[in-house]
Amino acid sequence: MPRTVPFRPIRTGLVALLITLALIAVAGSSPVGAAPAKPVATYNNPLMGDIAQAFSDVGLIRAKDGAWYSYATNTSLTRENADNGGPQHLIPMVRSTDLVHWEFLGDAFSAENHPEWAPWPQKGYWAPDVRYVDGQYYMYYSAPSSTPLGAAIGLAISSSPAGPWKDIGHPVVDFVADSEVMEIDPMMFIDDDGTKYLYYGSFRRGGLHVVRLSPDGRSTVGTSQQVVAGERGEGAWVTKRGPWYYLFYSGYGCCIGNVGGGGYPVLVGRSTSPTGPFVDENGVSLTAAQPGGTIVNSFNGNSLSATGHNAVTVDRSGQQWNLVNSDIRADHTWGGRPQSMDRLDWIGGWPTVRAGQWTSDQPQPAPAATSTIGSSFNESTSLSDWRALAGEWTVGQDVSSGGYAESAGASALLVSHTGGPADYRVEADLRTSTSKAGLVFAYRSPRNYSVAWLDPVRRSLRVEQRVGGKIVSNSESALYEGFRYDTWHSVSVEVRGERATIQVAPALGDNPLGELNVRLANGLAGPAQVGLAGAAQGDNVAMTKLYQPVTRKIPEPRVGKLLPAFSDEFTAEDSQWQWTGANQGNLENGQLVWDTQANDLSKEDNLATVLLRDAPQGDYTVETRVSLPFEGSTGNARAGLIAWASRTQSLQLAPTRTGAVRQTFLWPGADASPWAEAIQLGPSADTMWLRLRHTIQPSTGEHLFQAATSLDGRHWQWGSYWYLPADAGPLKLGLISMGGTGTTARFDYVRTYQS
């Protein structure tokens, strides 16, 4: 999103990128004659330390030359450039063949090709989103207006993912004076019926919106619809998986703050329609007055904070990866926000980063970037690695993809010399002008194989299986009217056991435009060869061992035995409690009843009263049940738990009013408002349960607190961590009721457990 200053300086590599190839040690000695252990590629976050210590609001595409391209909001790119007063990079572009090692390509915009309709000189261009659309690359981006918070969404087009880019000459979504929606952070999505949508918005009252685009993607059609509540998030990313559309977005804490950089969690909801309504795993709508949102990624207590504004891609094995910008916590005030990456898992129908461990800062296994069998056809005009079983195959050249294999014969067949693993992923880019184009998989012999066809005659994605020279199975999924068979589309096949999933998409990692799930015919399962078929042009043909999905999240924290000396059921006065000011609450029918105070902890001379008691030693979890009616409250009225070393070294966990909605936050420090460092958690309710779990960070001695929320007291959604310094002094635990008037908090108990 746009910043409060024209440009933010960028961070060096105090924690620079360490990208290396490492050997995974094997316990014990190898058997006599065993092959040596195969080197396993690893990587460290943050990425790109050698070329870009600042790379925020990532846009990402896997292009037709087989490489990944990433794009960022305007930036100084390196700390050296920032320190020397060097030029800003206006949407820097980088390229990688493995998602780990990157090269800088240049900037998308300059004085020569900047959009004429936007102010120049300007404040910058934000949050580019790049898509492959019918043979061209579309880059949607945010541009500034003449007002401090005004923005519009533009579009530039190129035949190459590296440019040169040419702006279309007008905004796609124009400036709207006094708009409740901020026209930033665009994301374009093509549904399987061919309809194009644009998602955009940020932390204004209007929240995130979606609007339909014209068929050419250059203008909007009709009115937009809200898909995420106001003051809730930004940085939308939408993907379809099965019948569900998943809307990812990022919460508070992107890039401002004085206690550690903020949380910037990634949250998600899903819907059966691209326009919503989207709901979280609790069934709570993302547009409700107390909105939902399932946590995908959040701060986990390590060296990287503010890990949000995500993008999703897929490696050659089929494993998805989640890329975010991040802050180095020890140096967050510099504001570089370098790029980080981690594995994205789907567990129980919901996405989560690293099975719920979230962003890593230690070496991790790298994405699968090389294939067992395959070719981009770029290095040579020879097809020596392939066998032409039918038809004549040659190598052609294309400005978008480089080299590719092609044949003019409808019955042409090209296969690899060797086979691959039993469970595998095959992928290729295909196009055809006259007849069907096919990706061959499960190839065992000239009489036994399968083909995934793009068939312009039948207007479909079709899977044909041959056994003994005869077609024994023919499955079909219609493709939308207007599908461009004469431009590149990515086809992928994932074979696991006897089942195969086949998809076609504009580019690998994009939303599928067609999908089939088939059972392999007898004799076609197991190790096989791959290839191309038909009067086709094919590129980036690759076969790789299929990824092994992670199916279980890390265990949720559990509580141990109750610690009565640090607990209270509010049935009688307890002398262990201490008010920091005048007594505020009253005991009524087994509850502590406490009106919310107008003041808070932000000003030393106007402090809210806090209720505190000593915290136990070691690891523990404190829990309360609080009722706080939302209607009638004012300001940032909130009530909940607090961990306290001092006014400024404190953490609040509370449902909080933010404008027209209420959210639950883990709230570091003494700020009057949750913006920008408070971290969103699970959904709120007028009555809800809260937990704060205390542990010690082994490497630093810091006090780590992880927050959890529940709507029923049984099912807990564990969220972000935050920390208090190791030398913060004796800790206290307690309750707050402050930040606005007009409502009354009712606490049923405070219970502290061993962790």
Side-chain angles (χ1 to χ4, degrees), residues 17-24 35-45 47-48 50 60-70 94-103 161 312-323 341-344 363-380 382-386 395 401-405 414-430 439-441 443 490-496 503 505 507-509 527-532 538-549:
L17 173 68
L18 301 175
I19 298 174
T20 182
L21 296 179
L23 289 175
I24 301 297
K38 183 180 179 180
V40 175
T42 63
Y43 73 95
N44 265 38
N45 284 325
L47 303 172
M48 301 185 196
D50 56 337
L60 183 69
I61 189 171
R62 191 166 165 195
K64 297 306 173 183
D65 62 356
W68 286 269
Y69 289 76
S70 192
V94 295
R95 179 182 186 273
S96 175
T97 58
D98 61 6
L99 285 170
V100 174
H101 303 86
W102 296 83
E103 60 175 324
V312 179
T313 191
V314 65
D315 70 13
R316 293 192 182 279
S317 75
Q319 175 64 59
Q320 287 191 319
W321 295 83
N322 187 259
L323 280 83
M341 170 181 71
D342 281 290
R343 188 187 76 237
L344 184 68
Q364 299 294 311
T370 59
S371 55
T372 306
I373 300 167
S375 178
S376 63
F377 306 105
N378 290 334
E379 288 72 29
S380 171
S382 169
L383 292 171
S384 58
D385 292 336
W386 302 86
V395 174
S401 65
Y404 58 85
L414 182 75
V415 299
S416 59
H417 281 297
T418 59
D423 289 351
Y424 55 86
R425 175 182 167 93
V426 180
E427 55 188 34
D429 288 311
L430 300 178
L439 173 60
V440 176
F441 65 101
Y443 180 89
S490 297
V491 176
S492 64
V493 181
E494 294 188 355
V495 173
R496 196 179 300 277
Q503 293 184 340
L508 289 166
Q529 294 160 258
V530 298
L532 299 170
D539 198 5
N540 303 314
V541 183
M543 182 184 202
T544 308
K545 182 179 180 180
L546 188 62
Y547 79 105
Q548 188 62 41

Stepwise side-chain contact (heavy atoms from CB on, under 4.5 Å) test for W68 and T313
CA-CA 9 Å; W68 286 269; T313 191; 3.0 Å; yes

Nearest heavy atoms of [X] and [Y], plus distance in Å:
X	Y	result
P365	Y43	O-CE2, 3.4 Å
D539	S376	OD1-O, 2.8 Å
S70	W102	CB-CZ3, 3.7 Å
L99	M341	O-CE, 3.6 Å
V100	A366	CG2-CB, 4.1 Å
N44	L47	O-CD2, 3.8 Å

How long is the span from the [atom1] atom in [X] to the [atom2] atom in [Y], to the nearest 0.5 Å?
X	Y	atom1	atom2	value
S96	H101	OG	NE2	8.0 Å
F441	M543	CZ	CE	10.5 Å
D385	F377	CG	CZ	9.0 Å

Please report the C-alpha distance between T544 and S371 in whole Å, then the side-chain angles of each, then the deciding distance to 0.1 Å, and finally whether the side-chain contact (heavy atoms from CB on, under 4.5 Å) criterion is met.
CA-CA 5 Å; T544 308; S371 55; 3.5 Å; yes

I'd like to check the salt bridge (charged side-chain N to carboxylate O under 4.0 Å, His left out) partners of D342; sequence neighbours left out, ordered by chain and number.
R354

Is a side-chain N or O of [X] found less than 3.5 angstrom from the main chain of [Y], in a donor-acceptor match?
X	Y	answer
Q364	N45	no
D315	P367	no
N378	G403	yes

Distance-only criterion, 3.5 Å: show the donor-acceptor pairs between side-chain atoms of residues 415-430 and protein atoms not counting sequence neighbours.
unit_1	atom_1	unit_2	atom_2	d
S416	OG	T418	O	2.7
S416	OG	V530	N	3.3
S416	OG	V530	O	3.4
H417	NE2	S384	O	3.1
H417	NE2	W386	O	3.4
D423	OD1	G497	N	2.9
Y424	OH	A442	N	3.1
R425	NE	E427	OE1	2.9
R425	NH1	E494	OE2	2.8
R425	NH2	E427	OE1	3.3
E427	OE2	R62	NH2	2.3
E427	OE2	R316	NH1	3.2
D429	OD1	K64	NZ	3.0
D429	OD1	S490	OG	2.5
D429	OD2	N540	ND2	2.8

Can you find a heavy atom in the side chain of L546 that is under 4.5 Å from one in the side chain of V495?
no

Could you check whether any side-chain heavy atom of L383 comes within less than 4.5 Å of a side-chain heavy atom of V395, counting everything from C-beta outward?
yes

Establish, for the pair R343 and Y547, whether the NZ or CZ atom is under 6.0 angstrom from the six-membered ring centre and no further than 45 degrees off its axis.
no

